K.L.:
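Have a look at this one.
Reckoned from all heavy atoms, side chains included, excluding hydrogens, waters and symmetry mates. Just so you know, these numbers come straight off a predicted model, no measurement behind them.
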Amino acid sequence: MNLMSRVTRLGCALAFCCLALVLWGVPGTRALNNGLAMTPTMGWLHWERFMCNVNCQEEPDSCISEKLFLQMAELMVSDGWKDAGYQYLCIDDCWMAPQRDSKGRLQADSNRFPNGIRHLADFVHSKGLKLGIYADAGNKTCAGYPGSYGYYDIDAKTFADWGVDLLKFDGCYCDSVKHLADGYKQMSLALNRTGRSIVYSCEWPLYAWPFVKPNYTEIRQYCNHWRNSADIYDSWQSVRSILDWTSSNQESVVPAAGPGGWNDPDMLVIGNFGLSQDQQVTQMALWAIMAAPLFMSNDLRHISPEAKGLLQNKDVIAINQDPLGKQGYRLRKSDNFEVWERPLSNLAWAVAVVNLQDIGGPRSYTIPIASLGKGLACNPACLITQLLPVKTKLGFYEWTKSLKTQINPTGTVLLRLESASKIASKSSL
């Protein structure tokens with residue numbers, strides 16, 4: 001099967017659409033009212049690592065099949081992933097048969113999923129996990145399998161009957177921006193009509209951005225999280241491009257995030273082949289700062305202890321899952337350093353300092369304490385703990401002081417700042 005990137009397909013699919021559209025409005029914070037994704041969703045998704053490998057005869061251990069997902073479900077429980085918070089086991093594209101059944105329903109490829117999706121969902125649920133699945137708003141999926149256009153209610157009911165808990169809904173092969181938007185809205189409503197709790201993961205703004213400014217107020221009313229930028233690859237260049245896109249558009253996207261609805265910068269590629277250890281630390285730290293859904297795409301059967309420890313780091317996951325639900329943002333950029341910060345519950349803050357320079361050795365960066373957390377994080381003082389790359393208690397810092405850090409090339413230092421007054425009030429109880 002000849003696969004183009006999803007963004008390339010987008011350009012082909014929308015090339016002839018009518019662009020006489022009014023720009024959409026400003027971001028808001030009203031969320032899809034299905035009670036789900038109150039903190040960013042965590043799980044495992046096959047796409048980046050396994051793509052659309054359907055050759056089970058020659059590559060039985062890495063093709064998209066029932067066997068692969070059964071193995072991953074077992075490992076998510078036995079190796080501590082579920083306990084760390086990774087709850088959703090998600091199927092991406094290429095699970096379907098080439099045609100719908102005689103009643104117009106989607107069906108799994110019978111050779112690769114011989115027992116069907118319902119059987120797989122039952123097994124996943126028996127492990128205390130949840131199952132995610134993939135479909136597309138257009139006439140075909142990005143890989144050319146049957147799309148949901150014209151079948152939104154049928155497909156939503158099918159997924160509910162199977163026991164699906166999350167739907168990743170792509171946007172390939174839509175012939176206009178209106179078709180795209182209507183498809184995402186109709187599937188959202190169709191999922192709600194089933195009465196089953198199904199997290200709704202959209203790619204709506206990704207496909208809209210080339211033509212109109214997405215209306216995040218509207219998107220939040222229909223989706224639990226949404227992709228904004230191009231698919232991630234297993235490379236530092238890809239991770240950095242996503243960070244650059246997010247910081248360049250943060251005035252639009254950051255206010256949109258909150259409990260029930262999140263910006264999705266795409267999968268975690270930690271534990272694969274393309275990132276150094278420092279770059280993996282950067283991805284984990286910044287995905288926590290961005291309040292991003294944490295969907296690993298790796299091979300849990302073959303993962304290093306370092307990658308596993310990073311992905312299961314309780315302190316970093318706690319930042320990602322912080323109940324205040326505020327997405328972080330880039331505070332400043334200078335001399336190939338970036339400083340990102342995120343407000344947390346109980347007046348705490350998370351701060352990430354990134355060394356973007358990819359030549360030479362470790363470099364020092366000095367942060368004026370008063371510049372962090374809108375001047376409030378350490379006023380009059382705070383306790384600072386370094387969480388990454390190695391957890392270290394740095395001690396109390398007064399508002400007038402500075403903090404000097406040393407950061408490896410393409411690496412990140414992740415800090416947690418806790419208000420001294422808040423700590424004092426806790427100790428007095």
K.L.:
Find out whether L120 and L70 are in side-chain contact, i.e. whether some heavy atom of one side chain is under 4.5 Å from a heavy atom of the other.
P.N.:
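With C-beta onward as the side chain, the pair touches.
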K.L.:
Distance-only, no hydrogens or angles: does the Q386 side chain make a donor-acceptor pair with backbone N or O of V390 under 3.5 Å?
P.N.:
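Looks like yes, one N/O pair under 3.5 Å.
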K.L.:
Going from CZ on F123 to CG on L129, what distance comes out if it is rounded to the nearest 0.5 angstrom?
P.N.:
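Output value for this atom pair is 9.0 Å.
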K.L.:
Specify the closest pair of heavy atoms between T246 and M290, including all atoms of both residues, with the distance to one decimal.
P.N.:
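Heavy atoms only, the tightest pair is CG2-SD, 3.7 Å.
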K.L.:
Only one of T405, N355, N336 clears side-chain hydrogen bond (donor to acceptor under 3.5 Å, both in side chains) with R363; which?
P.N.:
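Exactly one option meets the side-chain hydrogen bond (donor to acceptor under 3.5 Å, both in side chains) with R363, and it is N355.
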K.L.:
Is it true that a side-chain atom of R112 and a backbone atom of I64 form a donor plus acceptor pair closer than 3.5 Å?
P.N.:
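Present.
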K.L.:
Is there a donor-acceptor contact under 3.5 Å from the side chain of E338 to the main chain of L356?
P.N.:
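Judged by distance alone, no pair lies under 3.5 Å.
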K.L.:
Output the distance between atom CE (M42) and atom CG (N320), rounded to the nearest 0.5 Å.
P.N.:
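Spacing of CE (M42) from CG (N320) equals 6.5 Å.
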K.L.:
Measure from the side-chain N and O atoms of Y152 to the backbone N and O of A137, and report whether any donor-acceptor pair falls under 3.5 Å.
P.N.:
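Yes; at least one donor-acceptor contact below 3.5 Å.
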K.L.:
Tell me, do W340 and T412 make a side-chain contact under 4.5 Å, heavy atoms counted?
P.N.:
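No, their side chains stay 4.5 Å or more apart.
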K.L.:
When the ring centroid of F169 is compared with that of Y184, is the distance short of 6.0 Å?
P.N.:
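Aromatic pair counts; centres sit under 6.0 Å.
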K.L.:
Compare all side-chain heavy atoms of I317 with those of M284 and state whether any distance is below 4.5 angstrom.
P.N.:
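Yes, their side chains come closer than 4.5 Å.
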K.L.:
Inspect the surroundings of NZ in K326 and state if more than 12 heavy atoms from other residues, nucleotides or ligands are less than 6.0 Å away.
P.N.:
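Check fails, neighbour count at 12 or below.
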K.L.:
What's the verdict on side chain to side chain donor-acceptor pair (under 3.5 Å) for D278 and N408, showing C-alpha distance, side-chain angles and the deciding distance?
P.N.:
CA-CA 7 Å; D278 287 303; N408 292 342; 3.1 Å; yes
K.L.:
Side chains of I407 and V354: closer than 4.5 Å at any heavy-atom pair?
P.N.:
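SC-SC contact between I407 and V354 ruled out.
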K.L.:
What is the minimum heavy-atom distance between L344 and A350, and which atoms define it?
P.N.:
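Distance-wise, the nearest heavy atoms are CD1-N, 3.8 Å.
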K.L.:
Would you find a donor on one side and an acceptor on the other, under 3.5 Å apart, between the side chain of S297 and the backbone of R49?
P.N.:
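Checked: pair present.
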K.L.:
Over 60° means perpendicular and under 30° means parallel, so tell me whether Y216 and W209 are parallel, tilted or perpendicular.
P.N.:
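It falls in the tilted class, 30° to 60°.
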K.L.:
Check whether any side-chain N or O of Y200 sits under 3.5 Å from a backbone N or O of L32 as a donor-acceptor pair, and report yes or no.
P.N.:
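Not a single qualifying donor-acceptor pair exists.
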K.L.:
Any heavy-atom pair between the side chains of R301 and Q71 that's under 4.5 Å?
P.N.:
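Answer yes - side chains close enough.
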K.L.:
Are the side chain of E418 and the backbone of T385 linked by a donor-acceptor contact shorter than 3.5 Å?
P.N.:
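Looks like no, no N/O pair under 3.5 Å.
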K.L.:
Decide side-chain contact (heavy atoms from CB on, under 4.5 Å) for F69 and L89; before the verdict, give the C-alpha distance in whole Å, the side-chain angles of both, and the deciding distance to 0.1 Å.
P.N.:
CA-CA 8 Å; F69 292 98; L89 177 68; 4.2 Å; yes
K.L.:
Taking the side chain as everything from C-beta on, heavy atoms only, tell me whether I270 gets closer than 4.5 Å to M296.
P.N.:
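No, their side chains stay 4.5 Å or more apart.
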K.L.:
Nearest 0.5 Å, please: how far is CE in M187 from CG in D155?
P.N.:
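Rounded to the nearest 0.5 Å, the CG-CE separation comes out at 5.0 Å.
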K.L.:
Closest heavy-atom contact between I242 and P265?
P.N.:
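For I242 and P265, the tightest heavy-atom pair comes out as CD1-O, 3.3 Å.
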K.L.:
Does the side chain of W95 reach to within under 4.5 Å of the side chain of I117, using non-hydrogen atoms?
P.N.:
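Yes, close enough: below the 4.5 Å cut-off.
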K.L.:
Dump the intermediate steps for side chain to side chain donor-acceptor pair (under 3.5 Å) on D170 and Y134, then the final yes or no.
P.N.:
CA-CA 8 Å; D170 215 333; Y134 169 99; 2.9 Å; yes
K.L.:
Is there a donor-acceptor pair closer than 3.5 Å between any side-chain N or O of W81 and the backbone N or O of K308?
P.N.:
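Not confirmed, W81 side chain does not pair with K308 backbone.
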K.L.:
Of all heavy-atom pairs between R416 and L387, which one has the smallest distance, and what is that distance?
P.N.:
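Nearest pair, atom of R416 first, then L387: CB-CD1, 4.1 Å.
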K.L.:
Using a 6.0 Å cut-off, check whether atom CH2 of W245 has over 12 heavy atoms from anything other than its own residue.
P.N.:
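Result for CH2/W245: enclosed.
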K.L.:
Are the side chains of D92 and M51 in contact, using a 4.5 Å heavy-atom criterion?
P.N.:
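M51 vs D92: side chains apart.
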K.L.:
Atom CG in D122, atom CZ in R118: separation rounded to 0.5 Å?
P.N.:
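D122 CG to R118 CZ: 4.5 Å, rounded to 0.5 Å.
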K.L.:
Quick one: does S238's side chain have a donor or acceptor within less than 3.5 Å of a partner on Y233's backbone?
P.N.:
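Confirmed, S238 side chain pairs with Y233 backbone.
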K.L.:
To the nearest 0.5 angstrom, please state how far the CD1 atom of I289 sits from the CH2 atom of W349.
P.N.:
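Reported to 0.5 Å precision, the distance equals 10.0 Å.
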K.L.:
Assess whether side chain to side chain donor-acceptor pair (under 3.5 Å) is satisfied between D322 and S345, documenting all intermediate values.
P.N.:
CA-CA 7 Å; D322 187 81; S345 54; 2.9 Å; yes
K.L.:
Walk me through whether K185 and E218 qualify under salt bridge (charged side-chain N to carboxylate O under 4.0 Å, His left out).
P.N.:
CA-CA 9 Å; K185 294 176 188 178; E218 183 176 46; 2.8 Å; yes
K.L.:
If you compare all heavy atoms of C172 against all heavy atoms of Y207, which two are closest, and at what distance to 0.1 Å?
P.N.:
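Distance-wise, the nearest heavy atoms are SG-OH, 3.4 Å.
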K.L.:
Starting from the C-alpha separation in whole Å, work towards a yes-or-no answer on side-chain contact (heavy atoms from CB on, under 4.5 Å) for Q283 and I232.
P.N.:
CA-CA 11 Å; Q283 189 187 22; I232 197 168; 3.4 Å; yes
K.L.:
I need the minimum non-hydrogen distance between G261 and R220, along with the two atoms involved.
P.N.:
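Closest pair (atom of G261, atom of R220, distance): O-NH1, 2.9 Å.
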K.L.:
To the nearest 0.5 angstrom, please state how far the CZ atom of F295 sits from the SG atom of C90.
P.N.:
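Separation between the atoms: 4.5 Å.
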K.L.:
In a check of side chain to side chain contact (heavy atoms under 4.5 Å, CB included) between W44 and each of N298, L75, L294, which one passes?
P.N.:
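Between W44 and the candidates, side chain to side chain contact (heavy atoms under 4.5 Å, CB included) is satisfied uniquely by N298.
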K.L.:
Testing the 3.5 Å rule here: is there a donor-acceptor pair between the side chains of Y145 and D93?
P.N.:
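Absent: no donor and acceptor within the cut-off.
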K.L.:
Just by distance, do the side chain of H225 and the backbone of A37 share a donor-acceptor pair under 3.5 Å?
P.N.:
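It does not hold such a pair.
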K.L.:
Distance only, no hydrogens: is a donor on one side chain within 3.5 Å (strictly under) of an acceptor on the other, for N34 and N224?
P.N.:
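Yes, N224 and N34 have a side-chain donor paired with an acceptor closer than 3.5 Å.
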K.L.:
Walk me through whether L191 and R196 qualify under side-chain contact (heavy atoms from CB on, under 4.5 Å).
P.N.:
CA-CA 7 Å; L191 291 172; R196 182 170 180 82; over 6 Å; no
K.L.:
Test N228 against N249 for side-chain contact (heavy atoms from CB on, under 4.5 Å), laying out the working first.
P.N.:
CA-CA 10 Å; N228 292 305; N249 293 278; over 6 Å; no
K.L.:
Are there over 12 heavy-atom neighbours, none belonging to K157, within less than 6.0 Å of that residue's NZ?
P.N.:
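Not buried by this count: 12 neighbours or fewer within 6.0 Å.
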